[in-house]
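Comments concern the structure below.
For clarity, every value in this text was computed on a predicted model and none was experimentally measured. Along the sequence shown, residues carry numbers from 1. First listed ligand is number 1; within each ligand, the first listed atom is number 1.
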Amino acid sequence: MSGERGVGQAEPGVAASGQAPAAPTLRNLMPANVRIGAAVDGRLYAADARYRDTLTSDFNAVTPENALKWPILQPEPGRYDWTASDELIELARANGQAVYGHTLVWHSSVPSWVSESWSRERLRSVLREHVQTTVTRYRGKIWAWDVVNEVLAEDGKLRDSIWLRGLGPTYIADAFRWAHEADPDARLFINDYGVEGRSRKADGLFKLVRELRAQGVPVHGVGFQAHLRAGTAPNDATGNLRRFAALGVSVAITELDVRIALPVSTEKLLDQALLYQHMLRACLAVPTCESFTVWGFTDASSWITSHYPGYGAACLYDSDMKPKPARDALLHELRTRVTPTPS
Ligand code: G3I
């Protein structure tokens, strides 16, 4: 990996003449071949200047946190609503940010009007229509898609879901093929949680990706969500990412956050910082790690508070948008990183 900066990225520490030098940001220290992204709330991006300024100075990519989910895009059969997704994607593009699409097929995000009692043909046709319409709309504007999300159970077997029950295991290959037909240039990812370290589930994912690739299915990358807890590191994250890369796919950290058991303390913030740094180091150690994305960048709007009672403070910035030790640790890692030798 070279230390080159990407197009449109400022020289670290250099400001327009007559101004005080700008502090380096994550965005301008990141190697050019790795995107640094954040999951975003489109309403805050459009309406909150402080949110927007931090987002655009530290990140050169965004993942719509919810705006591309199927129930939002198609609240009723045949009625699409692109308002939120169009606005977010145009804002990101206007700010020089690449967009990572999340997510086309997720058991937890199926419109209520889709019925499991439908025939196999009808279910398959509605899924294909959703995938192809959505990918076609954003062809050339979304660089990568989570085509399938969380298709595995903890034991590494395919998760029991409406799609597995209704269509059988081939729905996964079908979804990739439909997405590829709709945008042959988009990078197509399989994304999951609990797979960033070596585990039974990660082994199952490894086998699945190997099989799909052997069948010629256009799976280009594996996304490792990485919803972590301060003080608990994944088992050999670097080795795990490397074994996937050896299958010929790209890898990406797609949803990193590190929750803290409340109350927050200095020690816990440092544990959190170490884990953020650890995951960035793992990504940068793999030449085909294409992006490093955090799931929200401010504690003010992180999903953790509502989903994990007793936990919080999972992001790089606190609720007042002050940078936390975790952000300093990422900056430090970027300044001092060792360039890996290609394996
Ligand atoms: O926007 C509505 C609001 O109008 C309504 O009043 C309120 C009442 O519940 O709900 C709001 O929508 C919520 C939405 O987040 C926006 O805040 C939904 O209920 C809530 O279910 C939704 O949660 C999202 C969750 O996925 C489910 O889609 C989280 O924000 C989002 O962070 C989370 O992201 C997932 C990834 O997609 C997949 N990987 C795991 C990750 C964390 O769970």
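For residues 137-151, the salt bridge (charged side-chain N to carboxylate O under 4.0 Å, His left out) pairs, not counting sequence neighbours, are Asp86-Arg137, Glu90-Lys141.
The cationic atom of Arg259 (NZ for Lys, CZ for Arg) lies less than 6.0 Å from the six-membered ring centre of Tyr311 and within 45° of the ring axis. Taking the ring centre of Phe292 as origin, the terminal cationic atom of Arg35 falls outside the region bounded by 6.0 Å and 45° from the ring axis.
For Glu290, the side-chain contact (heavy atoms from CB on, under 4.5 Å) partners two or more places apart in sequence, or in a different chain, are Trp143, Arg187, Ser250.
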Under 3.5 Å, N/O to N/O: give me all the pairs between ligand 1 and the protein, one per line with atom names and distance.
unit_1: ligand 1; atom_1: 26 (O); unit_2: Lys69; atom_2: NZ; d: 2.9
unit_1: ligand 1; atom_1: 28 (O); unit_2: Lys69; atom_2: NZ; d: 3.0
unit_1: ligand 1; atom_1: 30 (O); unit_2: Glu65; atom_2: OE2; d: 3.3
unit_1: ligand 1; atom_1: 30 (O); unit_2: Asn66; atom_2: ND2; d: 3.0
unit_1: ligand 1; atom_1: 32 (O); unit_2: Glu65; atom_2: OE2; d: 2.4
unit_1: ligand 1; atom_1: 32 (O); unit_2: Trp295; atom_2: NE1; d: 3.0
unit_1: ligand 1; atom_1: 34 (O); unit_2: Trp295; atom_2: NE1; d: 3.3
unit_1: ligand 1; atom_1: 37 (O); unit_2: Lys69; atom_2: NZ; d: 2.7
unit_1: ligand 1; atom_1: 37 (O); unit_2: His102; atom_2: NE2; d: 2.6
unit_1: ligand 1; atom_1: 39 (N); unit_2: Glu150; atom_2: OE2; d: 3.0
unit_1: ligand 1; atom_1: 39 (N); unit_2: Gln225; atom_2: OE1; d: 3.2
unit_1: ligand 1; atom_1: 39 (N); unit_2: Gln225; atom_2: NE2; d: 3.4
unit_1: ligand 1; atom_1: 39 (N); unit_2: Glu255; atom_2: OE1; d: 2.7
unit_1: ligand 1; atom_1: 39 (N); unit_2: Glu255; atom_2: OE2; d: 3.4

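With respect to Asp192, the side-chain hydrogen bond (donor to acceptor under 3.5 Å, both in side chains) criterion is satisfied by exactly one of Lys201, Arg159, Gln225: Lys201.
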Contacts under 3.5 angstrom, residues 268-275 side chains, donor-acceptor by atom type, not counting sequence neighbours:
unit_1: Lys268; atom_1: NZ; unit_2: Ala261; atom_2: O; d: 2.7
unit_1: Lys268; atom_1: NZ; unit_2: Pro263; atom_2: O; d: 2.7
unit_1: Gln272; atom_1: NE2; unit_2: Val258; atom_2: O; d: 2.6
unit_1: Gln272; atom_1: NE2; unit_2: Ala313; atom_2: O; d: 2.7

